[in-house]
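Worksheet for the structure shown next.
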Amino acid sequence: MRLAQAAAEEARAAGEVPVGAVLVRGDEVIASGFNHPIGAHDPSAHAEMAALRAGAHALGNYRLPGCELYVTLEPCLMCAGAIMHARIARVVFGAHDPKTGACGSVVDAFANEQLNHHTSVSGGVLADECGEALRAFFADRRRASREARRAARAQAEQAQGETGVAGPNEPAS
């Protein structure tokens, strides 16, 4: 999970939501990935998808039996489907995702016995640390947004004062 956290830090450094994933088989790290849908202009560029793609490429097979996937955030439904199709043996995740989690938080894709492949799931590993990385990221983002709005307001007020033109919410002099 520590390696997945390091991958999540790569996502944060790139301005993406800090989620990281690492694919392992036994004691061998096969691949890692981090969230990058914004930079890649790709809605499927989640950390899990990146790790699965890199792992499939490294092993020369789209099926990854015997592999385990460690991810800092509970996988969404899209990623859960890819995990099942890749035949991942086990998923270990950090923080639960109460909005899109597909390992029990919103839905439990892996509990459906009608599906032909069953992945075991363990959640909550380093949950506080993984969750804090996400909370801090979004708090920083909200703070930057507030500061940008304040700066834009101040700039507009300054421009108004220099030109003497009333703003849209002020009466003309």
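Here the structure is a predicted model, which is why all the values come from computation and not from measurement.
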[X] versus [Y], closest heavy-atom pair with distance:
X      : Y      : answer
Met84  : Phe110 : CG-CE2, 3.8 Å
Pro75  : Val91  : CG-CG1, 4.1 Å
Ala7   : Ala21  : CB-N, 4.2 Å
Pro18  : Ala11  : CA-CB, 4.0 Å
Gly123 : His96  : C-NE2, 4.4 Å
Asn61  : Arg63  : OD1-N, 3.0 Å

Carefully, step by step, assess Phe137 and Val17 under the rule side-chain contact (heavy atoms from CB on, under 4.5 Å). CA-CA 7 Å; Phe137 173 81; Val17 176; 4.0 Å; yes
Are any of the side-chain heavy atoms of Glu68 and Arg25 separated by less than 4.5 Å?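 Not touching, per the 4.5 Å side-chain cut-off.
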If you round to the nearest 0.5 Å, how far is [atom2] of [Y] from [atom1] of [X]?
X      : Y     : atom1 : atom2 : result
Leu3   : Ser32 : CG    : OG    : 8.0 Å
Ile88  : Leu64 : CD1   : CG    : 4.5 Å
Leu23  : Glu28 : CG    : CD    : 9.5 Å
His118 : Arg87 : NE2   : CZ    : 10.0 Å
Met49  : Cys76 : CE    : SG    : 8.0 Å
Leu69  : Arg90 : CG    : CZ    : 11.0 Å

Do any N or O atoms from the side chain of [X] and from the backbone of [Y] form a donor-acceptor pair under 3.5 angstrom?
X      : Y      : answer
Glu48  : Val71  : no
Glu74  : Gly104 : yes
His117 : Leu115 : no
Asn35  : Ala47  : yes

Within one Ile-Leu-Val-Met-Phe-Trp-Tyr cluster: [X] and [Y], side-chain cutoff 4.5 Å:
X      : Y     : result
Leu73  : Tyr70 : no
Leu59  : Leu52 : yes
Leu126 : Val22 : yes

Is there a side-chain contact (heavy atoms from CB on, under 4.5 Å) between Met1 and Val92 once you walk through the steps? CA-CA 8 Å; Met1 188 60 76; Val92 179; 4.0 Å; yes
Show your reasoning for whether side-chain contact (heavy atoms from CB on, under 4.5 Å) applies to His36 and His41. CA-CA 8 Å; His36 61 284; His41 308 291; over 6 Å; no
The test is side-chain contact (heavy atoms from CB on, under 4.5 Å); show your working for Met78 and His46 and say whether it passes. CA-CA 9 Å; Met78 172 185 68; His46 288 194; 3.5 Å; yes
If the test is side chain to side chain donor-acceptor pair (under 3.5 Å), which one of Arg149, Arg141, Glu147 qualifies with Ser145?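 So the option named by the test is Arg149.
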Name of the residue among Val19, Thr72, Val125 meeting side chain to side chain contact (heavy atoms under 4.5 Å, CB included) with Cys130: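 The side chain to side chain contact (heavy atoms under 4.5 Å, CB included) with Cys130 is passed solely by Thr72 among Val19, Thr72, Val125.
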